[in-house]
There are 2 protein chains.
Amino acid sequence: MGSTIKDIAKDTNLSLATISKYLNGKNILPENKKIIEESIQRLGYIPNKTAQNLRSKKTNTVCILLPIIGDYFWGSLCSIIEEHLRKYNYSTIISSYNASSGDNTSELQFLLSKQVDGVILIPDSNITDDRASFKLPFLLQKAGIPFVCLDQELSGIPGDFVTSDNRAGAYNATRYLLERGHKRLGIIGGNLSSYTMKERLTGFQNACSEYQIPERNLSVYGGAVSSCAEYLRIMMSLPEHPTAVLILGYDLTLSAIMTLSVLNMQIPKDFSLISFDDDEIFSAFNPPITTVVQNMDEIGRQATELLMKRINGNLDSFPERKMIETTFIIRKSVKVLAD
Amino acid sequence: MGSTIKDIAKDTNLSLATISKYLNGKNILPENKKIIEESIQRLGYIPNKTAQNLRSKKTNTVCILLPIIGDYFWGSLCSIIEEHLRKYNYSTIISSYNASSGDNTSELQFLLSKQVDGVILIPDSNITDDRASFKLPFLLQKAGIPFVCLDQELSGIPGDFVTSDNRAGAYNATRYLLERGHKRLGIIGGNLSSYTMKERLTGFQNACSEYQIPERNLSVYGGAVSSCAEYLRIMMSLPEHPTAVLILGYDLTLSAIMTLSVLNMQIPKDFSLISFDDDEIFSAFNPPITTVVQNMDEIGRQATELLMKRINGNLDSFPERKMIETTFIIRKSVKVLAD
DNA sequence: ATACATAAGCGAAACGTTTTGCCTTATAAC
DNA sequence: GTTATAAGGCAAAACGTTTCGCTTATGTAT
C-alpha cells in the first residue's frame with residue numbers, strides 16, 4: 001500500500017541515502033531535488049515516523065501527564081498545549097497517572113517504552129509535596145527525561161515550573177478593593193493548603209497589611225463549594241460583615257453569586273465581589289463580574305517553550321520558575337465606598 | 001543505557017526469537033520463562049515500542065482529532081477517552097484539525113505517518129455537513145483508517161457515531177414540565193441549526209405536540225449567550241409568557257438564572273426551568289437546578305469499544321449509531337402548577 | 001518399530017528509516 | 001598542471017523488534 005523511501009530510490013535511480021538527505025533538508029543537487037519531489041508526489045510517499053523514530057532515537061513527542069480525568073480546566077489545557085507543541089513539530093500524547101500510588105514506576109516505563117522526548121507534568125499535591133523517590137518527578141529526573149511542571153512548585157526536588165502569578169493576581173485585586181474604600185474584606189477559597197491557594201492568600205494578606213487593615217476585619221474561608229453558601233450566609237449575618245470579598249475560583253464565585261441573590265443582596269450595591277478565574281459567562285451577568293483571569297494560552301506557550309529548551313539540552317538557569325501574569329478585568333461588581 | 005532484547009538473549013543464553021516469544025506471551029519452557037524474567041528484572045529491560053511498532057505495523061495508538069482548542073467539554077472528554085483506551089492497552093494522541101479548510105490532507109498524512117490504528121473524530125459541522133472529498137471523514141475512509149465520530153452524524157458518508165440521545169433527553173424533560181401542569185413553554189438554545197440542537201428541539205416539540213400544546217404557546221429562541229438575557233427579558237414582559245423553559249446548555253442556563261434574579265423572579269416560585277447539561281454547581285444553587293445530564297464517561301466508553309471493534313476488523317452492523325441515554329436529575333427548579 | 005504430530009528453540013531476514021565511511025567529480029588555489 | 005577542498009552520491013550497517021522457516025526433542029497412534 002504505502003510506498004517507502006526504497007520505492008522513491010528505485011523510481012528516481014538515486015540511492016536511499018540521497019532520498020533520506022532530501023527528506024532531512026540536507027544538500028542535494030537541485031535537479032535531483034526536483035526529480036525526488038515529483039516522484040514523492042507521484043507515488044504518494046509518506047515518511048514512516050515509527051521507522052524514523054527507531055533509527056534516530058527521537059520521537060518528537062511530548063507526553064502530558066495528568067492526575068485526574070475529566071477535569072475541565074486541565075483537559076482543555078491539553079489541547080492548548082497540543083497546539084503550541086505542534087508549532088515545534090512535536091506531537092502530544094496524553095496519559096494519566098496514579099497520584100495516590102507511592103510508586104509510579106509503571107508510568108515511567110510507559111514513557112520510556114514510548115520514547116517520549118519530554119513530559120509536561122500536571123501535578124497533584126500528592127506528588128509535589130512528597131520527596132518519595134518512587135514518585136514521578138524523581139523517576140523522571142533519574143531517567144533523564146526533561147519535564148516541566150505546571151501550576152505547582154515541586155517541593156522535594158528542583159524542577160522547572162510555570163504557573164500563573166497567583167500572588168500578584170490576588171494582590172492587585174485586593175488593592176483594587178482597598179483603593180475603593182473597602183475596609184472589611186473577605187477571601188473565600190477552596191483547599192487553602194494547596195500551593196496555588198496559599199499564594200493567592202498571601203497576595204491578599206500582603207495588600208491588606210499594606211493598607212493596615214487589622215486582622216479582625218479580615219475574614220478567611222477555605223472549604224468545599226457546597227459549604228461556601230452556608231459560610232457566606234453566616235458571614236453576612238454578622239453585624240460588621242465584610243463589604244467586599246475576593247473569591248478564589250470559578251465554582252465558588254458562581255455559588256456565591258447565587259447565594260447573594262437568594263439573600264436579596266445586590267451586587268455591587270449591597271456587596272462587592274471579585275472572582276479569581278474568569279469565564280465568558282461572567283461578562284454576561286448583570287452586573288458583569290470583575291475578575292482576575294489566568295492566561296491559559298500563555299501558560300501553555302511558556303511551558304512548551306521551556307520544555308523545548310530543555311529537550312534541546314539547554315540547561316540555562318535551571319530550575320526556572322515562570323510566573324505568568326494574570327489579567328485584571330474590571331467590570332461592575334465592585335462598589336466605590338465613600339470614606 | 002537501556003538494555004535491549006539482545007542483552008537479555010545474551011544474558012540468558014537464549015535466542016532473540018525466544019525472548020520475543022516470551023514477551024508476546026507465546027509458549028516457552030517454564031524454566032526459561034523464569035530465567036528470562038530474572039534477567040529482565042536484573043537488566044531493567046523495557047521493550048522499545050517504536051521498534052515493536054515498526055516491525056509489527058501496529059502502534060496500539062488512537063488519535064483524538066478535535067476542531068477547536070480550549071473547549072472545556074471536549075478537552076475533558078479527551079482524558080476520559082484516554083482512560084478507557086488505556087484499558088485496551090492503547091495509548092492516545094491528541095491533535096487538532098482545521099475544520100474550515102477544504103483540504104485535510106495534511107491531517108491525514110500526519111495520521112498515516114504516525115501509523116495510528118484508529119481515530120476518534122470530534123466533529124465540527126463544517127466537516128460533517130459536507131461531502132467534499134478532501135475533508136477528514138472521506139480521507140479517513142479512503143485511507144482505511146477506522147474512526148468513530150462523536151456527537152454528530154456524518155451526512156455525506158456512512159460512519160459509526162456515538163452521541164447522547166439528545167432527542168429523548170429533551171423529550172423527557174419537556175414531558176416532566178407538561179406533567180406538572182405547564183402549558184406555555186419556552187426553549188432556549190445556542191445555534192439551533194447544529195445536529196445536537198436540532199435533536200433537542202425535536203424532542204421538545206414532540207412532547208409538546210403529544211400534549212397538544214398549540215404552537216402559539218411555544219417560544220423558541222436560538223442565539224448567542226450574550227443575547228439570551230435580552231431575549232428572556234422580552235419574553236417575560238409579554239402578558240402571557242411561558243411559565244417554564246428548557247435551556248439547552250450550561251452557559252445559557254447560567255445566564256438565564258442571573259437574568260431572572262435581576263428581574264426579581266424567583267425560581268421556581270415565579271418561573272420554572274430545566275437545564276440541558278449539568279454541572280456540579282447546579283446542585284449547590286438555591287434552589288438546586290433540575291437538569292438533563294450527558295453521560296460523558298459512557299460516551300467515552302462506547303466510542304472506545306466501537307473503535308476497538310472496528311480496529312479488530314469487525315464490521316458488524318456498520319455504520320452503527322450509538323445513542324447514550326441521558327440522565328434526568330430532578331432537583332427543585334420546577335414548580336407544580338395547579339390546573 | 002515406524003510414522004506423525006506437537007512443542008520449543010534457533011538463526012536469519014525483515015520492517016523503513018538514518019547514519020557512517022568511502023568514492024567520485026567538480027571547483028578553486030597555487 | 002598539479003593539488004587541495006568541498007559537494008554530492010552510494011552501499012552498507014544500524015536501530016530493536018517480530019516473524020519465517022528450519023531443526024531437534026518429545027510424545028502418540030499405528
Side-chain angles (χ1 to χ4, degrees), chain A residues 1-37 39-40 43-61 89 91 109-117 143, chain B residues 1-37 39-40 43-61 89 91 109-117 143:
Chain A
M1 163 94 214
S3 52
T4 75
I5 220 179
K6 252 183 204 160
D7 300 320
I8 305 292
K10 256 180 217 146
D11 188 50
T12 56
N13 280 320
L14 293 166
S15 75
L16 290 191
T18 307
I19 314 296
S20 175
K21 268 187 174 175
Y22 164 78
L23 292 173
N24 294 296
K26 312 266 164 94
N27 275 338
I28 61 168
L29 289 181
E31 61 214 71
N32 284 337
K33 190 169 167 179
K34 193 173 262 176
I35 296 177
I36 294 177
E37 279 166 352
S39 176
I40 286 181
L43 301 181
Y45 166 74
I46 293 171
N48 181 322
K49 288 220 163 109
T50 60
Q52 292 181 322
N53 295 342
L54 173 59
R55 182 57 233 236
S56 63
K57 299 193 164 207
K58 240 234 158 204
T59 54
N60 275 43
T61 295
N89 246 299
S91 47
Q109 292 210 351
F110 173 78
L111 298 171
L112 249 21
S113 75
K114 274 276 185 179
Q115 311 256 100
V116 303
D117 297 334
Chain B
M1 161 95 213
S3 52
T4 75
I5 219 179
K6 252 183 203 162
D7 300 321
I8 305 292
K10 255 179 217 147
D11 188 51
T12 57
N13 281 320
L14 293 166
S15 75
L16 290 191
T18 307
I19 315 295
S20 176
K21 267 186 175 174
Y22 164 79
L23 291 173
N24 294 296
K26 312 266 163 99
N27 276 338
I28 62 168
L29 289 180
E31 63 215 68
N32 283 337
K33 189 169 167 180
K34 193 173 259 177
I35 296 177
I36 294 177
E37 278 167 354
S39 176
I40 285 181
L43 302 182
Y45 166 75
I46 294 171
N48 181 322
K49 289 220 163 111
T50 60
Q52 292 181 322
N53 296 342
L54 173 60
R55 183 55 231 236
S56 63
K57 300 194 165 209
K58 239 232 158 206
T59 53
N60 274 43
T61 295
N89 246 298
S91 48
Q109 293 210 349
F110 173 78
L111 299 170
L112 250 20
S113 75
K114 275 275 185 181
Q115 310 257 98
V116 303
D117 298 333

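Per chain, numbering begins at 1; letters A, B, ... match sequence-line order.
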| said: With a 4.5 Å cut-off on side-chain heavy atoms, are B/K49 and A/N53 touching? | reply: no

| said: Closest-nucleotide mapping onto DNA chain D: is B/S56 or A/A17 further toward the 5' terminus? I mean the 5' end. | reply: A/A17

| query | Base, sugar-phosphate, or nothing for A/I19, non-hydrogen atoms under 4.0 angstrom? | reply | nothing

| query | Which of these nucleotides, C/dT18, C/dG16, D/dT17, is closest to any side-chain atom of B/I5? | reply | D/dT17

| Under 4.0 Å between a side-chain N/O of B/N27 and OP1 or OP2 of C/dA8, yes or no? | yes

Polar pairs (N or O, both sides) under 3.5 Å between protein and nucleotides 21-25 of chain C?
none

| Between P of D/dT17 and NZ of B/K26, the distance in whole Å | 16 Å

| query | Within the structure shown, what part of the strands sits under 4.0 Å from B/N53 by heavy-atom distance: base, sugar-phosphate, or nothing? | reply | nothing

| said: Please check this pair: side chain of B/S113 against backbone of B/Q109, looking for a donor-acceptor N/O pair closer than 3.5 Å. | reply: yes

| message | Under 4.0 Å, counting only non-hydrogen atoms across every strand here, what does A/I8 touch: a base, just sugar-phosphate, or nothing? | response | nothing

| request: Indicate whether the side chain of A/K114 and that of B/S91 have a donor and an acceptor atom separated by less than 3.5 Å. | output: yes

| field | Whole angstrom value for the distance that separates P of C/dT6 from CG of B/L29 | value | 18 Å

| message | Is it the case that D/dT17 (base atoms only) and B/R55 (side chain only) share a donor and an acceptor within less than 3.5 Å, ignoring hydrogens and angles? | response | no

| Between A/T12 (side chain) and A/I8 (backbone), is there a donor-acceptor pair under 3.5 Å? | yes

| Considering only side-chain heavy atoms of B/Q52, which listed nucleotide, D/dT17, C/dA8, C/dT19, is closest? | D/dT17

| request: Please report, rounded to the nearest Å, how far the P atom of C/dT17 is from the CD atom of A/Q115. | output: 18 Å

| query | Out of C/dG16, D/dT17, C/dG11, which has the shortest distance to the side chain of B/Y45? | reply | D/dT17

| Starting at CG of A/L14 and ending at C1' of D/dA12, how long is that distance when rounded to a whole Å? | 17 Å

| query | To the side chain of B/S20, which of C/dT18, D/dT19, D/dG16 is closest? | reply | D/dT19

| message | What is the distance, to the nearest angstrom, from the CD1 atom on B/I28 to the P atom on C/dC10? | response | 10 Å

| remark: In whole angstroms, the gap separating C1' of D/dG16 from CG of B/N24 amounts to 13 Å

| request: Grab the NZ-P distance between B/K114 and C/dG16 for me, whole Å please. | output: 18 Å

| task | Specify the residue among B/P30 and B/A51 whose closest nucleotide of DNA chain C lies further upstream toward the 5′ end. | result | B/P30

| said: For B/K58, I'd like to know if atom NZ has over 12 heavy atoms of other residues, nucleotides or ligands within 6.0 Å. | reply: yes

| note | Given the options B/D11, B/I40, B/L43, B/S3 meets side chain to side chain contact (heavy atoms under 4.5 Å, CB included) only with B/L43

| Can you find a pair of side-chain heavy atoms, one from B/L14 and one from B/I28, that are under 4.5 Å apart? | no

| Taking NZ from A/K33 and P from D/dG8, how many angstroms apart are they, rounded to a whole number? | 11 Å

| message | Counting only side-chain nitrogens and oxygens, does A/Y22 get under 4.0 Å of the OP1 or OP2 atom of C/dT17? | response | no

| Taking A/T59 for the side chain and A/Q115 for the main chain, is one N or O donor matched with an acceptor at less than 3.5 Å? | yes

| message | Under 4.0 Å, heavy atoms only, any strand: does A/L16 hit a base, just the sugar-phosphate, or nothing? | response | base

| query | Counting any heavy atom closer than 4.0 Å, what does B/T4 reach on the DNA or RNA strands: base, sugar-phosphate only, or nothing? | reply | sugar-phosphate

| field | Of the listed nucleotides D/dC10, C/dG11, C/dT18, the one nearest the side chain of A/T18 | value | D/dC10

| task | Considering just the side-chain nitrogens and oxygens of A/N48, establish if one lies under 4.0 Å of OP1 or OP2 belonging to C/dC15. | result | no

| N/O donor-acceptor pair under 3.5 Å between B/S56 side chain and B/Q52 backbone | yes

| request: Give B/D7 one of three labels, base, sugar-phosphate or nothing, depending on what nucleic acid heavy atoms sit under 4.0 Å from its own. | output: nothing

| task | Report yes if a side-chain nitrogen or oxygen of A/K57 is closer than 4.0 Å to either non-bridging phosphate oxygen (OP1 or OP2) of C/dT17; otherwise report no. | result | no

